[in-house]
Amino acid sequence: MLKFQNYIDGEWHDAADTVDVRDPANGELLGSVADGGAAGAEAAVAAASAAFPAWSRCTAGERATVLKRWYQLIVDNSDDLALILSLEQGKPVAEAKGEILYGASFIEWFAEECRRAYGQTIPTHNAAMRLNTIRQPVGVVSCITPWNFPNAMITRKAGPALAAGCTVVIKPALETPLSALALCQLAEEAGLPKGTINVVIGSDAAGIGKVLTQDPRVAKFTFTGSTAVGKLLMSQCASTVKKMSMELGGNAPFIVFDDADMDTAISACMATKFRNAGQVCVATNRIYVHESVHDEFVEKLRAQVAGLKIGHATEAGVTMGPMIYRRAVDRVQELVQDAVAAGAKIEIGGEQLANGENYFAPTVLTGVMDTMRIAQEEIFGPLAAVQKFSDEDEVIRRANETPYGLAAYVMSENIRRANRVVEALDYGMIACNTGVFSTAVAPFGGVKESGIGREGGVEGMAEFYETKYACFGV
Ligand SMILES: NC(=O)c1ccc[n+]([C@@H]2O[C@H](COP(=O)([O-])OP(=O)(O)OC[C@H]3O[C@@H](n4cnc5c(N)ncnc54)[C@H](O)[C@@H]3O)[C@@H](O)[C@H]2O)c1
Ligand SMILES: O=C[C@H](O)CS(=O)(=O)O
């Protein structure tokens, strides 16, 4: 059986115990990984702390050179990385390849951006003083990441952190550790100095989390995952007043106005709803369709959903794989049953599939209401919940009636309406007439209970610096 280790201080470490990694499509054992636990996290923080002085003293150009080598190695090995990702997470290989290249783009872009970490000379308020600011890396950054994008959610943090001169400790999800370890293998080959990047795997997520959120040597904690866990980890960071960034849950509205281009709306809805079997933080969660175009939309969406090819990630032409584990399937089934019991109608799907215990049929429900669980909760599965609306003010009010505020989607060919609605929606990111908008060059993140801070763009670079103000008496 394949055995994998934790990567700490530039070395590969075994542990007394191991955790199994399985293919969610069929339960096949892919290998076992050393269970590093809290002790591993302590060692990783110590390594990152020891490596920080030298790495932060490198010039931006020196860091950029190493990071660009890492980027190129990821691109050169993207087929292998995609296969590893698909086997442990379940998404079709083509989607996994897209994630690998998307993830690599954060390393490439921030390797360049760190050269522009400018300070300021400030016009003085007092002739006897000279004022300026400098930007310095915050220090050791601890990261906890989810299973749904096991490569890109790491590089979206490690890219800017390392570029800024920080060092990182990463705890990936237990379901998908292999992608993180493969990134370390390539980081080592690229020449990232020992201790700059560390990955600790463990079944004791809470114990590892306490180290990563409470060790005084950690300057910043960055988390991507559910809002519930994010709130817990935020509270744990308070004891040492850590800088934090939180990329949390979503409940995205997808609004189709009567002046939408229907083919665009259908294509965007398919992309945002069924990518990764709906296990995406910015996945469409509530579909609001103007009453005048509702039936046409449902008929066309249903036809597209019927065309999805379900199967194993490595099977040619497969466009949707399994969900990550059984309890996720059971929860989607519960949401369907709750909605149907309250009057919703199953247009297609609505049941588990015979492909395997983690497969749920891509599903379209109509007659959904905002009061149903399916509209109140993050679905995180291949379940499209459609409801009607009558006018713009009504749908904006309904779309905003959620504690979440990550992503929203507006389908309209009317530029004036699109601008009005973008300004009125309480979300961190809004896509108009498109379904996939995430990029390294723009700030990704949410408001309200969807998170704090941004990843990507100049805002994403700033997350890993402190701005120091210096005042000189002359
Ligand atoms: N906003 C974003 O960018 C974004 C991106 C991806 C996923 N997500 C969200 O993540 C959720 C799905 O991912 P998930 O099921 O892995 O989320 P999760 O919150 O259950 O787990 C996320 C990570 O936290 C760890 N974890 C869980 N409990 C912990 C604890 N007590 N202490 C320390 N670590 C702990 C897990 O092991 C995993 O590594 C969804 O809500 C989705 O919206 C958000
Ligand atoms: O689910 C989490 C990811 O952030 C989605 S995306 O690939 O960045 O759009």
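Ligands are counted one by one from 1 in listed order, and the atoms in each one are counted from 1 as well. Each residue takes its place number in the sequence, starting with 1. When reading the values below, keep in mind they use all heavy atoms of this one structure, side chains included, and skip hydrogens, waters and symmetry mates.
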Item to complete: Kindly confirm or rule out a cation-pi arrangement of Lys243 over Tyr465, judged by NZ or CZ under 6.0 Å from the six-membered ring centre and within 45° of its axis?
Response: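 The answer is no, since Lys243 fails at least one limit relative to Tyr465.
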Discussion item. Could you tell me if Arg331 sits above the aromatic ring of Phe380, with its cationic atom closer than 6.0 Å to the ring centre and no more than 45 degrees from the axis?
Written reply: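 Not flagged: Arg331 not positioned over aromatic ring of Phe380.
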Under 4.0 Å from a heavy atom of [X]: give me the atoms of ligand 2 that qualify, with their elements.
X	answer
Val282	9 (O)
Met153	3 (C), 4 (O)
Val280	1 (O), 5 (C)
Tyr102	6 (S), 7 (O), 8 (O)

In terms of residue, atom name and distance, what is the protein heavy atom nearest to [atom]?
atom	result
atom 28 (N) of ligand 1	Val229 CG1, 3.6 Å
atom 3 (C) of ligand 2	Cys281 SG, 3.5 Å
atom 9 (C) of ligand 1	Gly225 O, 3.1 Å
atom 14 (P) of ligand 1	Trp147 NE1, 3.4 Å
atom 38 (C) of ligand 1	Thr145 O, 3.4 Å
atom 9 (O) of ligand 2	Ser438 OG, 2.5 Å
atom 19 (O) of ligand 1	Ser226 OG, 2.7 Å
atom 41 (O) of ligand 1	Glu378 OE1, 2.6 Å

Looking only at N/O atoms, are [X] and ligand 1 under 3.5 Å apart anywhere?
X	value
Asn148	no
Leu248	yes
Thr227	no
Ser450	no

Worksheet item: Just to confirm, does any protein heavy atom lie below 4.0 Å from atom 21 (O) of ligand 1?
Response: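 False for atom 21 (O) of ligand 1.
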So is [X] touching ligand 2 or not, going by heavy atoms under 4.0 Å?
X	result
Gln279	no
Glu247	no
Arg156	yes
Phe437	no

Worksheet item: Mind checking whether Lys91 and Gln279 have side chains closer than 4.5 Å, heavy atoms only?
Response: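 No, their side chains stay 4.5 Å or more apart.
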Worksheet item: Just wondering, do Glu377 and Asn251 contact through their side chains at under 4.5 Å, heavy atoms?
Response: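 No, side chains not in contact.
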Using 30° and 60° as the class boundaries, would you call the ring planes of [X] and [Y] parallel, tilted or perpendicular?
X	Y	result
Phe106	Tyr102	perpendicular
Tyr325	Trp147	perpendicular
Tyr409	Phe437	tilted

Worksheet item: Can you tell me how far the CG atom of Leu383 sits from the NZ atom of Lys273, to the nearest 0.5 Å?
Response: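 Result: 6.0 Å between the selected atoms.
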Worksheet item: Got a second to check how far Ile170's CD1 is from Ile197's CD1, nearest 0.5 Å?
Response: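 Separation between the atoms: 4.0 Å.
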Suppose I only count heavy atoms of [X] and a 4.0 Å limit; which atoms of ligand 1 are within that range?
X	result
Ile144	23 (C), 24 (O), 25 (C), 33 (C), 34 (N), 39 (O)
Pro146	6 (C), 7 (C), 13 (O), 16 (O)
Leu233	32 (N), 33 (C)
Phe380	12 (C), 40 (C), 42 (C), 43 (O)
Lys171	25 (C), 36 (C), 37 (O), 39 (O)
Ala173	39 (O)

Worksheet item: Where the closest heavy atom to atom 30 (C) of ligand 1 is concerned, which of Pro172, Gly209, Ala206 has it?
Response: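 Answer by nearest heavy atom: Ala206.
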Practice prompt. Take Phe110 and Trp70 through the ring pair (Phe, Tyr, Trp, His ring centres under 6.0 Å) test and state the conclusion after the steps.
Written response: CA-CA 12 Å; Phe110 285 101; Trp70 190 25; over 10 Å; no
Discussion item. Can you confirm whether the side chains of Gln5 and Asp14 place a donor and an acceptor under 3.5 Å from each other?
Written reply: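 The answer is yes; a qualifying pair exists.
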Item to complete: Indicate, as side chain, backbone, both or neither, the part of Glu455 found under 4.0 angstrom from ligand 2 when only non-hydrogen atoms are considered.
Response: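 Within the 4.0 Å criterion, Glu455 makes no contact with ligand 2.
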Practice prompt. Using a 4.0 Å heavy-atom cut-off, say whether Asn148 meets ligand 2 through its side chain, its backbone, both or neither.
Written response: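 For Asn148, only side-chain atoms sit under 4.0 Å from ligand 2.
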Worksheet entry | Minimum-distance pair of heavy atoms, taken over all atoms of Asp426 and Lys448 |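 For Asp426 versus Lys448, the nearest heavy atoms are O-CE, 4.1 Å.
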Worksheet item: How far apart are the closest heavy atoms of Val199 and Pro172, and which atoms are they?
Response: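 Heavy-atom minimum between the residues: CG1-CD, 3.9 Å.
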